[in-house]
Amino acid sequence: MKIFTGNANPEFAQKVASHLDIPLGDCEVSRFADGEVQVSIRENVRGSDVFIIQSTSSPVNENYMELFILMDAVKRASAREITLVMPYYGYARQDRKAEPRAPISARCIADLCQVSGAKRLLVVDLHAPQIQGFFNGPVDNLFAFPVMAGAWLEKKKGVQNIVCVSPDTGAVERTRSFAKRIKSPMAIIDKRRDRPNEAKAFHVIGDIKGKTALIVDDMIDTAGTLCVAVDHLIKKGAREVYAVVTHAVFSGPAMERIENSLLKEVWVTDTIPLKKKSEKIHCVSVAPLVAEAMKRIYSKGSVSALFD
């Protein structure tokens, strides 16, 4: 078993390798003078089960090119099997034709990963579960919320009268799952979106008055939707608002918006490296979860048990 990583999130890869008590593979992912990706594998991988860890957050296209070329290098070095460990799947929001003549970019990415050599895909909280069907091989979509719920119960025992809030109808299932784990009721925000990254909240379904609202979602991008939801919940009578989100994409003005918002805290995981620090941001590591899944894949054990 060998583990390699690109430049997207080497700290996360090192945490995973440490949990498995395996050193990271010796490779260099650099650039030629004209910006082309250069990969050099400096150890034997012939006949090995290779795991390549690479999140595909910003810069998305740069990280994907590193990933494709790294997998091709390992494939041509005669690795027995390549498992792609992608904690964050870039382009996951483009999972369908939302309008005429639109691409299904998430499918393009799946095809490119397979052509480059990936035989199996390990991801964390896919934005759209149907993306698993784009990949012609085993896909393990790990859930971060059991880990997040456990950390929340341990650190926030004093927070009472909680209601978990789904920011839209698409997040209802994960919100219900989180609410069940921390034994709280739930509410739903009826949201309308005029264009990407811009949303307006119109109505809250459920009782939030005088309660601590806990928004549950899979990612924060520009934080525009999140901050609109927070303002709406406060206006409707919520006492305070927290957020629990898997992927801290944090594009553009996201951090500034969070700092200036009425959010008490935002809980995220380390699937994407945090570029800026904030007292409002609390990070929970899912490296132990990913490491255990990799261990079970390698030893032909059950990964489904980790979903709970």
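Positions are given from 1 along the sequence.
Y89 meets the ring-ring contact (aromatic ring centres under 6.0 Å, His included) test with no other residue; sequence neighbours excluded. Taking K264 as the reference, E240, Y242 meet the side-chain contact (heavy atoms from CB on, under 4.5 Å) condition, with sequence neighbours excluded. Partners of F68 under the ring-ring contact (aromatic ring centres under 6.0 Å, His included) rule, at least two apart in sequence or in another chain, are Y64. Residues meeting the side-chain contact (heavy atoms from CB on, under 4.5 Å) test with P253, sequence neighbours left out: R257. Here Y88 pairs with H247 under the ring-ring contact (aromatic ring centres under 6.0 Å, His included) rule; sequence neighbours left out. Qualifying ring-ring contact (aromatic ring centres under 6.0 Å, His included) partners for F145, counting only residues two or more places apart in sequence or in other chains: F178.
Among pairs with a residue in residues 27-45, those fulfilling salt bridge (charged side-chain N to carboxylate O under 4.0 Å, His left out) read K2-E43, E28-R42, R31-E62, R31-E66, at least two apart in sequence or across chains. Note on residues 6-27: pairs passing salt bridge (charged side-chain N to carboxylate O under 4.0 Å, His left out), not counting sequence neighbours, are K15-D270. Evaluation of the salt bridge (charged side-chain N to carboxylate O under 4.0 Å, His left out) test over residues 272-286, restricted to residues two or more places apart or in two chains, returns none. For residues 101-118, the salt bridge (charged side-chain N to carboxylate O under 4.0 Å, His left out) pairs, not counting sequence neighbours, are R107-D111. Within the structure, the side chain to side chain donor-acceptor pair (under 3.5 Å) test picks out the following pairs touching residues 121-132 (sequence neighbours left out): D95-Q130, D125-T246, H127-D218.
Looking only at atom types and distance, the side chain of S57 has no donor-acceptor partner in the side chain of S55 under 3.5 Å away. For S78 and R46, the side-chain atoms include at least one donor-acceptor pair closer than 3.5 Å.
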> After noting the C-alpha distance and the side-chain angles of D231 and V228, does the key distance pass the side chain to side chain contact (heavy atoms under 4.5 Å, CB included) rule?
Replying inline: CA-CA 5 Å; D231 292 342; V228 169; 5.9 Å; no

>> Walk me through whether T212 and N161 qualify under side chain to side chain donor-acceptor pair (under 3.5 Å).
In response: CA-CA 6 Å; T212 296; N161 207 15; over 6 Å; no

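Within a 6.0 Å radius of NZ in K156, more than 12 heavy atoms belonging to other residues, nucleotides or ligands are found. No more than 12 heavy atoms of other residues, nucleotides or ligands lie within 6.0 Å of CZ in R96, so this atom counts as exposed by the packing criterion. Under a cut-off of 6.0 angstrom, the local environment of NZ in K211 is crowded, with over 12 non-hydrogen atoms contributed by other residues, nucleotides or ligands.
Hydrophobic clustering, with ILVMFWY side chains joined whenever heavy atoms are under 4.5 angstrom apart, groups F4 together with L84.
Note: H282 and W267 have tilted aromatic rings, judged against thresholds of 30 and 60 degrees for the angle between ring planes.
Side chains of I189 and H203 form no contact here, defined as non-hydrogen atoms less than 4.5 Å apart. Here the side chains of T83 and D49 are not in contact, with every heavy-atom distance at 4.5 Å or above. Between L122 and V290 there is a side-chain heavy-atom pair separated by less than 4.5 Å.
Closest approach of T175 and V165 over heavy atoms only: CG2-C, 3.7 Å. Here the closest non-hydrogen pair linking G137 and Q114 is N-OE1, 4.3 Å. Here the shortest heavy-atom pairing between V216 and P167 reads O-CD, 3.1 Å.
Membership of an apolar cluster is not assigned to F32, as no side-chain contact below 4.5 Å to another ILVMFWY residue is traced.
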